[in-house]
Structures are given as structure tokens and as C-alpha cells.
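This report refers to the structure that appears directly beneath it.
In what follows, every heavy atom counts, from backbone to side chain, and hydrogens, waters and symmetry copies are set aside. Indexing begins at 1, ligand by ligand and atom by atom, following the structure's order.
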Amino acid sequence: GAVLAVRDVEKTYASGTRALRGVSMRVLPGTVHGLIGANGAGKSTLIKILSGWQQASTGTVEWKDQPVDWSHPRQALAAGMAAVHQHTPLVDAMSVVENVFLGRRETRRWDAAARRAELLALCDRIGYELEPHQAVAELSVGARQMVAILQALARNPDVVLLDEPTAALSPAEREVLFRSIRRLRDAGTTVVYTSHFLDEVVELTDHLTVLRDGLVVVDAPTADVTVDS
Ligand code: ADP
Ligand code: ADP
């Protein structure tokens, strides 16, 4: 079954805007699932609902075939759903390794050697090299993005939700990111990936859900989707 699903989700904001108008979607484990739509289509609203930042007005969210009612992002994270938002805050004055493990509840005291080894193992999983003790302030935009992704992976999630991760990247950085996402997927991590560029996700994703004005207009394996150029 699906690792994550939404069923008949509606979201009407206090302003009266119907951001989602009966959205259903199933994310299969071990896939890269693209969530596409122009500005205003409802992507952010859906992502907030999936990651516990907001609740649907009606409809259900299912995690591993069970209805869930995440009222706080902490609950989604504890279940195994980690989101990387466009502006994931990193602490510039701290090192890569400190940022990656920032906020993770530690049961034991900080063990520098163990954390460094764990970071290098995480880097290996995505095929990306970072110097653990480098200050985050010195990193490129692309490398900072990778630190944000590693911060999510440090929670050992089943699903990683990447919200417009290429928005600030150069084409070369984008290729590096795509390679990392494929590696993650091939190792069994499910990736939900949002973008407003359809062509870019056709290259990367296994399944596409396209939103327009709060409605699902395309929901199909990427191989079955024809892109007009
Ligand atoms: P709700 O309206 O369901 O309580 P939020 O608490 O997320 O939703 O929103 C708080 C307020 O933020 C909204 O009522 C609105 O005035 C404002 N707001 C935030 N983002 C937007 C947006 N993209 N368009 C319009 N208003 C927004
Ligand atoms: P996208 O991420 O695809 O650009 P959004 O989910 O941000 O779409 O927005 C969908 C619709 O809901 C838009 O019309 C937007 O203005 C509105 N909206 C988003 N957030 C809020 C909010 N907090 N309060 C009121 N309206 C909102």
C-alpha cells in the first residue's frame, strides 16, 4: 500500500479561499513523487497538511494505511515524515555537523567522533561530500541545501518532503541534487518533491500529481505523462 496518502482533502482558509478542493493522492514507497503546480495551485497548503503545519478542513491524511491527525510537525517527524522547506533555517555560526544534528533529541551527551562518523555515513548515502567542521556560513547555496536535507535525513525518515529544492540552485547544483535524490530513492527512501517546473520533474520523478486551482488535474506514473513543449 501507500506510505502516505490524502483522501478528499479540502482546505478553506479563514479568508474564504478554497486552496484545496477535494484532493486525493497516494505516494508509493520507494518512489520519487512529484507534486507540481503553478503559484497558487495549492502545493504549499498540501505540503503543510502533509507535514503537520496545518490541518485539512475536511478529508483524511493516511500514513502507512492508517488515518493520522498530525496537529504539530513534531508528530509527523516522529512518525517518519521529514520536510525540508525552502527556508530551512541553518545556524551560520555553527558547523555542518552541528547543523545536521541540530534539534535532534539526544539521549546521551554529544559525542563528537560518533556524530562525525554518522554525518559521513549520511553524506555517503546521498553521494555528497561535506567537511563536518566547516562553518555553514562559508558554504554555497547548493551545499547549504544539502545540509538542510541531511538535517532531515538525520531523523531517519521513511519519507522526505522536499519543497521546491531547486528554487535557488544553479543548473550544475540541480544535477547534483537530482543524483542525490535518485540515490536516496534507490536505497528505499520515499521522496515527495515539489516544483512549478514540469519539465524538470519529468526527468526525476516516478509519479506525478499536478494541481491546478486546488484540484488534481493529472495523477499518473511519470512515464505515462506527455509533456507539451
Ligand atoms: P487559517 O486562515 O486557516 O487560520 P493560517 O493560520 O495559516 O490559516 O493563516 C493566517 C493568516 O495569514 C490568514 O488568515 C491570512 O490572512 C494570512 N496569509 C498567509 N498566507 C497567505 C496567502 N498566501 N494569501 C493570503 N493570505 C495569507
Ligand atoms: P502554491 O504553493 O501552489 O503557490 P498555496 O497553497 O500557497 O499554493 O496557495 C493556494 C491558495 O490559497 C492561493 O490562492 C493562496 O493565496 C491561498 N492561501 C495560501 N495560504 C493562505 C492563508 N494562510 N490564508 C489565506 N489564503 C491562503
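Remark: ligand 2 atoms within the under-4.0 Å shell around heavy atoms of Lys43 are 1 (P), 2 (O), 3 (O), 6 (O), 8 (O). Annotation for ligand 2: atoms under 4.0 Å from non-hydrogen atoms of Thr45 are 5 (P), 6 (O). Each of the following atoms of ligand 2 lies closer than 4.0 Å to a heavy atom of Ala19: 10 (C), 11 (C), 12 (O). Near Ser44, the atoms of ligand 2 lying under 4.0 angstrom from a non-hydrogen atom of the residue are 1 (P), 2 (O), 6 (O), 7 (O). In the vicinity of Ala41, heavy-atom distances shorter than 4.0 Å reach the ligand 2 atoms 1 (P), 3 (O), 8 (O). Contact atoms of ligand 2 toward Asn39: 4 (O) (distance under 4.0 Å to a heavy atom of the residue). Shown in contact with Thr17 at under 4.0 Å from a heavy atom are these atoms of ligand 2, numbered in order with element: 11 (C), 12 (O), 14 (O), 17 (C).
At least one N/O-N/O distance between Gly40 and ligand 2 falls below 3.5 Å. Residue Gly42 has at least one N or O atom closer than 3.5 Å to an N or O atom of ligand 2.
When the options Val216, Leu20, Leu50, Val27 are evaluated for a side chain to side chain contact (heavy atoms under 4.5 Å, CB included) with Val6, the one that passes is Leu50. The only member of Glu200, His33, Glu164 that meets side-chain hydrogen bond (donor to acceptor under 3.5 Å, both in side chains) when paired with Tyr193 is Glu200.
Residue Ala38 places a heavy atom under 4.0 Å from ligand 2. Distances from ligand 2 to the non-hydrogen atoms of Ser15 include at least one value under 4.0 Å.
Without hydrogens or angle criteria, Thr205 side chain to Val32 main chain gives no donor-acceptor distance under 3.5 Å. Within the 3.5 Å criterion, the main-chain N or O of Val84 finds no donor-acceptor partner in the side chain of Asp163.
Note on Arg144 versus Glu173: no salt bridge recorded, every NZ/NE/NH1/NH2 to OD/OE distance being 4.0 Å or above.
When all heavy atoms of Lys43 and Asn39 are compared, the closest pair comes out as NZ-N, 4.2 Å.
Under 3.5 Å, the side chains of Asp69 and Gln75 contain no donor-acceptor pair of N or O atoms.
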For a side chain to side chain donor-acceptor pair (under 3.5 Å) check, start with the C-alpha distance between Tyr13 and Thr45, then their side-chain angles and the critical distance, and finish with the verdict. CA-CA 10 Å; Tyr13 285 104; Thr45 299; 2.8 Å; yes

